[in-house]
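The next block holds one structure in the form of structure tokens; read it before the comments.
These figures come from a predicted structure and were not determined experimentally.
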Amino acid sequence: MDIHEYQAKQLLAEYGIKIAEGGLAYSPEDAVQRSREIGGGVWAVKAQIHSGARGKAGGIRICKTHEQVVEAAEELLGKRLVTHQTGPAGKVCLRLYVEAGTDIARELYLSFMVDRAQERIVMVGSAEGGMDIEELAETRPGAIKKIYIEPSVGLQDFQAREMAFAIGLDADQIQHAVRLIQGCYRAMRDLDANMIEINPLVLTAHGDLLALDAKMEFDDNALFRRQKISELRDKTQEDPREMAAADRGLSYVGLDGDIGCMINGAGLAMATMDMIKLSGGEPANFLDVGGGASAERTEKAFRMVLADKNVKAMLVNIFAGINRCDWIAEGVVQAVKKIDMQVPLIVRLSGTNVEQGRKIIEESGLPIIMANTLAEAAEKAVQARNEVVARQG
């Protein structure tokens with residue numbers, strides 16, 4: 001789960017990380033009021049969306065008068081910002097963060113993230129902040145410092161000092177940097193975060209270290225014990241399909257294709273998506289209905305897939321182990337009868353009671369296309385999709 005910049009800053013401030021004074025605004029009137037409360041003569045008006053690279057998309061405005069604050073707020077509120085992280089659909093800005101201007105001497109980069117391949121936390125830093133770390137890694141990999149942290153041991157003081165020196169801080173700034181780095185690690189550990197990124201981490205003209213921008217991402221599976229974090233969820237920034245699926249206990253990821261998928265098991269779902277692509281098609285989603293695919297759960301999954309108007313064919317691929325194919329078949333038949341299916345449906349069943357399951361579908365009288373193997377199912381799904389496109393075209 002992602003959260004907004006202002007939320008991440010509030011959390012990090014509780015762990016001793018310094019941030020510039022700022023306030024939230026939902027209207028131009030709010031924005032100018034926040035700037036008056038903050039005082040000074042320079043303010044940053046920042047669009048709050050779940051994406052980086054907002055500045056490149058015009059989502060951050062530097063204002064020197066209250067009139068400019070109003071103009072920036074009027075332009076940003078309700079605007080759809082498109083970045084390389086949002087994709088072409090972009091994300092709509094519905095709130096702003098108005099922040100005091102900062103006298104920046106240097107921009108640095110600092111992040112913590114879970115490296116699942118290494119089974120450790122990796123701390124990443126660079127003396128060149130304020131730019132995409134992916135771009136920097138590609139063009140100048142030597143400018144990035146990585147330090148791996150063993151979770152059972154935790155962040156050690158010498159590692160924090162090593163990173164502080166690596167990002168080019170002077171000796172008199174090291175102590176402050178170590179406290180900031182340790183605070184970030186404690187926040188990640190205590191809040192079950194998957195990632196904390198401060199970009200840029202700025203050194204001010206007065207020698208202070210401030211988190212000028214911040215991103216945090218949390219482990220969805222730990223939200224049940226992090227009520228405070230769970231309450232920060234902004235559903236307006238999420239894919240409505242994925243949000244609806246999560247609320248119904250389904251594992252769903254929306255994709256850009258047009259062949260809907262309903263599969264039990266994440267591994268089988270990945271294999272099915274690969275086979276669809278090998279057959280010349282594009283999957284519309286990843287959907288794992290899990291091991292307990294009851295008739296009610298199957299119907300929910302059907303409705304979830306078909307809610308995507310881009311879907312032109314649907315593939316159901318079930319390997320019954322704990323489940324039974326006859327149970328799955330009954331659920332598929334019930335779902336198709338309740339739902340007005342307007343697209344071809346391809347079903348492949350395998351495993352426990354497979355013959356009984358196939359018989360239930362065949363005797364249902366419904367226009368369901370059966371397949372015996374995964375390859376056959378993918379080919380039939382792509383063929384059915386192509387026929388739909390040809391008729392529509």
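If you take CG on L212 and OG1 on T102, they are separated by 5.0 Å, rounding to the nearest 0.5 Å. In this structure, CG on L366 lies 6.0 Å from NZ on K337, to the nearest 0.5 angstrom. Annotation: the span from L315 atom CG to C261 atom SG amounts to 5.5 Å, rounded to 0.5 Å. With values rounded to the nearest 0.5 angstrom, I104 atom CD1 is found 12.5 Å from R106 atom CZ. I60 CD1 to Y97 OH: the interatomic distance, rounded to the nearest 0.5 Å, is 12.5 Å. We find the CG-CD1 distance between N353 and I328 to be 11.5 Å, quoted to the nearest 0.5 Å.
Contact record, L24 with L96: CD1-O, 3.1 Å, taken as the closest heavy-atom pair. The nearest pair of heavy atoms linking I174 to A164 is CD1-CB, 3.6 Å. In terms of heavy atoms, Q237 sits closest to H50 at OE1-N, 3.0 Å. The two atoms that bring A13 and I19 nearest to each other are CB-CD1, 4.1 Å, heavy atoms only. Summarising the geometry of N264 relative to F319, their closest heavy-atom pair is ND2-O, 2.9 Å, with the distance given to 0.1 Å. Between A127 and L108, the shortest heavy-atom contact is O-CD2, 3.7 Å.
Summarising the local packing, CD of Q392 is surrounded by more than 12 heavy atoms from other residues, nucleotides or ligands at distances under 6.0 Å. Surrounding CG of D170 are more than 12 heavy atoms belonging to other residues, nucleotides or ligands, all under 6.0 Å away. Surrounding NZ of K79 are more than 12 heavy atoms belonging to other residues, nucleotides or ligands, all under 6.0 Å away. The number of heavy atoms from other shown groups lying within 6.0 Å of CD (Q156) is above 12.
Under a hydrophobic clustering in which Ile, Leu, Val, Met, Phe, Trp and Tyr are joined whenever their side-chain heavy atoms come within less than 4.5 Å, directly or via other members, F218 and L12 fall into the same cluster. Note on Y6: it does not cluster hydrophobically with Y15, by side-chain heavy-atom contacts below 4.5 Å among ILVMFWY residues. Hydrophobic clustering places M304 together with L345 (ILVMFWY residues linked when any side-chain heavy atoms are closer than 4.5 Å, directly or through intermediates). Cluster annotation: M113 and Y185 are assigned to distinct hydrophobic clusters (Ile/Leu/Val/Met/Phe/Trp/Tyr, side-chain heavy-atom contacts under 4.5 Å, transitive). Tracing side-chain contacts under 4.5 Å through hydrophobic residues (I, L, V, M, F, W, Y), one reaches I196 starting from L223; they form part of the same cluster.
Of the possible donor and acceptor atoms, one in the side chain of S364 sits under 3.5 Å from a partner among the backbone N and O of I361. Using a distance-only test at 3.5 Å, with no hydrogens or angles considered, no donor-acceptor pair links the side chain of D208 to the main chain of T204. Remark: the backbone N or O of G52 is paired with a side-chain donor or acceptor of Q85 at under 3.5 angstrom. A donor-acceptor contact shorter than 3.5 Å links the side chain of D220 to the backbone of M1. T298 places no side-chain N or O within 3.5 Å of a backbone atom of V332 that could act as its donor or acceptor partner. Side chain of T272 to main chain of L268: a donor-acceptor pair is present (N/O by atom type, distance under 3.5 Å, no hydrogens or angles). Between the S27 side chain and the D30 main chain, a donor and an acceptor come within less than 3.5 Å of each other.
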Determine whether L11 and K228 satisfy the following criterion, side chain to side chain contact (heavy atoms under 4.5 Å, CB included), listing intermediate values before the conclusion. CA-CA 10 Å; L11 291 175; K228 176 182 175 181; 3.9 Å; yes
Would V347 and M370 count as a side chain to side chain contact (heavy atoms under 4.5 Å, CB included) if you check the C-alpha gap in whole Å, the side-chain angles of each, and the deciding distance to 0.1 Å? CA-CA 5 Å; V347 176; M370 295 295 297; 4.1 Å; yes
Under the side chain to side chain donor-acceptor pair (under 3.5 Å) rule, what do Y109 and E197 come out as? Steps first, then yes or no, please. CA-CA 8 Å; Y109 177 91; E197 182 183 62; 2.7 Å; yes
Residue pair Q68, W43: steps toward the side chain to side chain contact (heavy atoms under 4.5 Å, CB included) verdict: CA-CA 10 Å; Q68 290 180 356; W43 306 274; over 6 Å; no
Report the C-alpha distance between D115 and K146 in whole Å, list the side-chain angles of each, state the deciding distance to 0.1 Å, and finish with yes or no for salt bridge (charged side-chain N to carboxylate O under 4.0 Å, His left out). CA-CA 11 Å; D115 187 327; K146 293 183 179 180; over 6 Å; no
Can you list the steps and then say if V42 with I62 is a side chain to side chain contact (heavy atoms under 4.5 Å, CB included)? CA-CA 7 Å; V42 180; I62 303 301; 3.8 Å; yes
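V289 places none of its side-chain heavy atoms less than 4.5 Å from the side chain of K300. Contact of the I121 side chain with the V114 side chain is registered, since non-hydrogen atoms from C-beta on lie closer than 4.5 Å.
The pair R358-E362 does not meet the salt-bridge criterion, since no charged nitrogen lies less than 4.0 angstrom from a carboxylate oxygen. Note on R348 versus E376: no salt bridge recorded, every NZ/NE/NH1/NH2 to OD/OE distance being 4.0 Å or above. A salt bridge links R54 with D213; the closest basic N to acidic carboxylate O contact falls under 4.0 Å. A salt bridge between E355 and K359 is absent, with no side-chain N of the basic residue lying under 4.0 Å from a carboxylate O of the acidic one. Salt-bridge formation is detected for the pair K145/E162: a Lys NZ or Arg NE/NH1/NH2 atom is positioned less than 4.0 Å from an Asp or Glu carboxylate oxygen. Looking at K215 and E5, no side-chain N of the basic residue comes within less than 4.0 Å of a carboxylate O on the acidic one, giving no salt bridge.
Side-chain N/O atoms of T86 and S51 include no donor and acceptor closer than 3.5 Å. Y148 and Q159 form no side-chain donor-acceptor contact under 3.5 Å, judged by distance and modelled atom types alone.
Of the listed residues (K46, R34, R61), just one forms a salt bridge (charged side-chain N to carboxylate O under 4.0 Å, His left out) with E99, and that residue is K46.
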